[in-house]
Protein chains: 2
Amino acid sequence: MRADAQRNRDRIVEVAREVFREQGYDASLDLVAKQAGVGAGTLYRHFPTRDTLVDAIMQSWVDRVQEAAEKSRAHEGEDRERLLDWFERYVALISLHKGGPAKITSAMGVEGSPIATKCQVLKNASAEVLGVLEERGALRPDVDTVQVCRLVGGVATIADQSDVDPAAVHSMLEVIADGLLVR
Amino acid sequence: MRADAQRNRDRIVEVAREVFREQGYDASLDLVAKQAGVGAGTLYRHFPTRDTLVDAIMQSWVDRVQEAAEKSRAHEGEDRERLLDWFERYVALISLHKGGPAKITSAMGVEGSPIATKCQVLKNASAEVLGVLEERGALRPDVDTVQVCRLVGGVATIADQSDVDPAAVHSMLEVIADGLLVR
DNA sequence: TTGCTATCCGGAGAGTGTCTCCGTATCGTC
DNA sequence: GACGATACGGAGACACTCTCCGGATAGCAA
């Protein structure tokens, strides 16, 4: 890639991250192009669809996911608290941008999605945390990772779309945790 | 209201119901107007926003909700099956139109929403079903109706946005049910 | 440094959707 | 039949997406 092309690409991603954080994933792409000081054509050449741009933005986010899973695995305390800790982190991670929960959770388990790699990162992280609980025999036998991601993602989606009280979110996550753990 | 106005209004609702069923709630309103044989102005005069039109469409749907709740209350069997029966009906009811689950669940508990009346109908129906279980002491003490609607609505939203297997949906509803029932 | 070409840029503009405005038509009443 | 009140409709302003192509430029070779 030519140096100027790389420069423009980086600049677009940087601006888009800011604009999307402020206005959500539905923000005008022409606005992103304008703020980045490039023409619309340049933006669309680098990122043919909105999703490919979103994917590029999320690159740095992957590291955070790994880190969060690591912390949850190392979490001291009861199984229930450990699981809830991960759920909270999971919701926070996918809720960084408005519209994120819906976008990510919808793509979960759908192959060929432009953000499939990001979903995979989340699934793997979740599987790690769930794996620890499973080893300890704390989890019900038929628990599927994707399903858990969808359940928690569903809560995050609703919370994202209407402003739900954090305490209410926690309480919903508790219901899911209790439904997953052996009694 | 003048007779011709009433005629046009009815016609718009009728056409919109069909178009929305086929194309989802994002369908072009100008298309609806055209298919209804009226100008865009006429449509927007009767329904200033998309939501007010959606609200009008859902009028007949209210009856179905009442009926479904009645059936679930009369459901023979264990508490868990009774609850799951309602969850399944609930998901089906809000998933009649593409985009419905997100729209309805987002508005749940948000006052002033254009579809608040529809949410209330759903909440009341859910409260009735949950009330029966509560009387029997089958429910955990701190269960909130809106929260349950959000949890189940979250599952429906995800299922609606990516094509999730009905069996997987059922399984997620089981997790929620188990999280809500006393153990 | 100069010249050449593959590569990239920018923005005009077509296509589509939302929503408003206002001249015109129709209804319902007297 | 006449006359307000009410409703209609579609042109058009505005916003967003995405494409196309003439022009600019980077990077390389001599």
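The sequence lines fix the lettering, A, B, ..., with proteins before strands; numbering per chain opens at 1.
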Cluster check Ile104(A), Val155(A): I/L/V/M/F/W/Y, side chain < 4.5 angstrom: yes
Length of the CE-P vector between Met1(A) and dC8(C), whole Å: 7 Å
Name each donor-acceptor pair under 3.5 Å that joins a side chain in residues 127-136 of chain B to protein atoms two or more places apart or in another chain, with its distance.
residue: Arg136(B); atom: NE; partner: Asp79(B); partner atom: OD1; Å: 2.8
residue: Arg136(B); atom: NH2; partner: Asp79(B); partner atom: OD1; Å: 3.1

Glu78(A)/Arg82(A) salt bridge by N-O under 4.0 Å criterion: no
From CA spacing to verdict: salt bridge (Lys or Arg N to Asp or Glu O under 4.0 Å), Glu70(B), Arg73(B): CA-CA 5 Å; Glu70(B) 191 50 50; Arg73(B) 277 200 302 176; 2.6 Å; yes
Inter-residue atom distance Asp178(B).CG - Ile176(A).CD1, 0.5 Å rounding: 12.5 Å
Residues forming a ring-ring contact (aromatic ring centres under 6.0 Å, His included) with Tyr25(A), sequence neighbours excluded: Phe20(A), His97(A)
Sequence-aligned protein contact record of nucleotides 20-25 of chain C, with B where the base is within under 4.0 Å of a protein heavy atom and S where only the sugar-phosphate is: BB----
Leu53(B) CG to dT18(C) C1', straight-line distance once rounded to whole Å: 14 Å
Atom-to-atom span, CZ of Phe47(A) to P of dC9(C) - whole angstrom: 11 Å
Nucleotide N/O to protein N/O under 3.5 Å, stretch nucleotides 28-30 of chain D:
none

Short side-chain N/O contact from His46(A) to OP1 or OP2 of dC9(C), under 4.0 Å: yes
N-O pairing of Arg89(B) and Asp85(B) below 4.0 Å: yes
Salt bridge (Lys or Arg N to Asp or Glu O under 4.0 Å) evaluation trace for Glu174(A) with Arg80(A): CA-CA 8 Å; Glu174(A) 280 184 318; Arg80(A) 186 169 186 273; 3.6 Å; yes
Contact residues, residues 4-27 of chain B to DNA chain D [heavy atom, < 4.0 Å]: Asp4(B), Ala5(B), Asn8(B)
Charged N-O contact under 4.0 Å between Arg50(A) and Asp26(A): no
Within residues 28-38 of chain B, residues whose heavy atoms come under 4.0 Å of DNA chain C: Ser28(B), Leu29(B), Asp30(B)
